[in-house]
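Working notes, beginning with the structure itself.
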Amino acid sequence: MAENPKHCLNSAPESTQRPSKIAKTQDYGDEEEEKEEEIRQQEQEESSMSKNPQTQRYLVAIEYIGTCFSGSQQQPSCRTVVGVLEDAFHKFIGQPVSIFCSSRTDAGVHALSNVCHVDVERISKRKPGEVLPPHDPAVVRRAVNHFLQKNEGDISVIDVRSVPNDFHSRYKALERTYFYRLLSGPEPLSVIEKDRAWHVPEELDLHAMQEACKILVGRHDFSSFRAAGCQANSPIRTLDELNVTEVPSTPYFPSIVDRKVDHLNREDPHVCSNKAEVNLSISSSFDSDKVVGSNGETNFEFGIRRRHRCYVVTARARSFLYHQVRLLVGVLKCVGTGELTVPDVERILNAKTVKAAKPMAPAYGLYLGHVKYDLP
């Protein structure tokens, strides 16, 4: 896994070039068989550490800024998501715990909601050895966040749920959704957006990118979108959703045009927003900063930053190959700039080799958005 030199010793900066052979850190696939079954049995044995009926398993949803960590999994001499979370739980309950993530993310990859599980045995601090009833999930969330905020404040627990002791955050996951943010425009990237999106100076052809998505969605051999270090037994995956959407760039603040439209809507209670109005708002936001000078020429108003167009790639599947999403985005970006055509995407897919793909997108534009479960 590419590591963040700021948070891990003896590491090199990540490159957007074609992936080299590196240890796998992302999700195992749903088609893996014998080797996966061995790993599953081993992890399930490790995660079911205590048979004490007072031990409670919690499903914990977390968000974090990926550029602050050397990935999610424990690594020697590195600051990782699991390491920081285990330390916060240790301070809360007074004993070490083991945390198991549903999805493994590389250094630089953010999470709006990654999910893990942890077993907690509540021991009395006044009477050592006495086992007390489990904490309420709301108490766990508040307490762990208290210790996380005393650290760097770059990771937070957003939800906690009590689950049966055999509920595994990784193997019970039904699907995972990733988002990738691209900011298009010639202006330098805002410092507020630093390490939050991939800046593409060229204009992007949204329609062409959407047409390319139609070729890639569905069940395919994704060998061309599989990093050389991937340990999955099969490159076959079912991509349930892949699309590109233009959205307002964030942080988004209403322009004078937006404020006028909102005022008119509030004056007329029968006016309802629709998709066309949303698209108009996105388009108008790029023109609202322009003013007409005394010479009749249109210029940008002084002191107002020129906005970028923001595009979000959404990828949803039960599981992904190593670096699959970032390789997909790398190709879609090239379609958007005109470097590749839509037929080229089909050629790359059919080539069944990662050498046919374009350089993968950088990690810092990728967000793990949601992990879906059928909760008891």
Please report the interatomic distance [atom1]([X]) to [atom2]([Y]), rounded to the nearest 0.5 Å.
X	Y	atom1	atom2	result
R141	I62	CZ	CD1	13.0 Å
R226	T353	CZ	OG1	11.0 Å
D136	R142	CG	CZ	7.5 Å
Q73	F69	CD	CZ	13.0 Å
N233	Q231	CG	CD	9.5 Å
N145	I155	CG	CD1	9.0 Å

Is there a path of hydrophobic side-chain contacts, each under 4.5 Å between heavy atoms, that joins [X] and [Y]?
X	Y	result
Y178	I158	no
L340	L206	yes
Y364	L189	no
I93	L132	no
L182	V342	yes

Before you tell me yes or no, could you show the steps for H220 and L216 under side chain to side chain contact (heavy atoms under 4.5 Å, CB included), namely the whole-Å CA-CA distance, both residues' side-chain angles and the distance that decides it to 0.1 Å?
CA-CA 8 Å; H220 302 288; L216 297 167; 5.6 Å; no
Is any side-chain heavy atom of [Y] closer than 4.5 Å to one of [X]?
X	Y	value
R305	S190	yes
L183	C310	yes
D119	V97	no
L59	V115	yes
D106	R326	yes
L239	F320	yes
S156	Y64	no
R237	S319	yes

Describe, in one word, how the ring planes of H117 and H168 are oriented to each other, choosing from parallel (under 30°), tilted (30 to 60°) and perpendicular (over 60°).
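Aromatic pair H117/H168 classed perpendicular.
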Heavy-atom closest contact ([X] atom, [Y] atom, distance):
X	Y	result
P362	Y180	O-OH, 2.7 Å
I348	A356	CG1-O, 3.5 Å
Q56	P134	CB-CB, 3.7 Å
K352	S224	N-OG, 2.9 Å
E121	V131	OE2-CG2, 3.9 Å
R176	S102	NH2-O, 2.9 Å

Check this for me: does any side-chain nitrogen of one of K358 and D344 sit under 4.0 Å from a carboxylate oxygen of the other?
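Salt bridge absent between K358 and D344.
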Has [X] got a side-chain atom pairing as donor or acceptor with [Y]'s backbone, closer than 3.5 angstrom?
X	Y	value
Q75	S70	yes
S72	V81	no
E86	I99	yes
R79	C68	yes
T80	G71	no
H199	G185	yes

Between R309 and L204, is a side chain to side chain contact (heavy atoms under 4.5 Å, CB included) present by the stated rule, with each step listed?
CA-CA 9 Å; R309 303 194 84 97; L204 294 175; over 6 Å; no
Polar side chain donor-acceptor pair, S249 to R307, under 3.5 angstrom:
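Side-chain D/A pair, S249 to R307: absent.
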Under a plain distance cut-off of 3.5 Å, with no hydrogens placed, do R219 and T238 share a side-chain donor-acceptor pair?
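Their side chains do contain a donor-acceptor pair, which is all the 3.5 Å distance test asks for.
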Using a 6.0 Å cut-off, check whether atom [atom1] of [X] has over 12 heavy atoms from anything other than its own residue.
X	atom1	result
I192	CD1	no
R122	CZ	yes
E130	CD	yes

Consider side-chain contact (heavy atoms from CB on, under 4.5 Å). Of H207, K333, M209, which one does V244 pass it with?
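That would be M209; it is the only one of H207, K333, M209 passing the side-chain contact (heavy atoms from CB on, under 4.5 Å) with V244.
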Using the side-chain contact (heavy atoms from CB on, under 4.5 Å) rule, pick out the option among V157, L148, V84, V120 that qualifies with F89.
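For F89, the side-chain contact (heavy atoms from CB on, under 4.5 Å) test succeeds with only one of V157, L148, V84, V120, which is V120.
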Mind listing the side-chain donor-acceptor pairs of residues 366-376 below 3.5 Å, one per line with the distance, residues two or more places apart or on another chain?
from: Y367; atom 1: OH; to: R196; atom 2: O; distance (Å): 2.6
from: Y373; atom 1: OH; to: S169; atom 2: O; distance (Å): 2.5

Residue pair L327, M360: steps toward the side chain to side chain contact (heavy atoms under 4.5 Å, CB included) verdict:
CA-CA 4 Å; L327 284 163; M360 66 182 177; 3.6 Å; yes
Check step by step if ring-ring contact (aromatic ring centres under 6.0 Å, His included) holds for F92 and H135.
CA-CA 11 Å; F92 167 41; H135 289 288; 4.9 Å; yes
One pair to check against side chain to side chain contact (heavy atoms under 4.5 Å, CB included): L328 and V313. What are the steps and the verdict?
CA-CA 9 Å; L328 288 168; V313 179; over 6 Å; no
For K214, salt bridge (charged side-chain N to carboxylate O under 4.0 Å, His left out) partners two or more places apart
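If we apply the salt bridge (charged side-chain N to carboxylate O under 4.0 Å, His left out) test to K214, skipping adjacent residues, the hits are E211.
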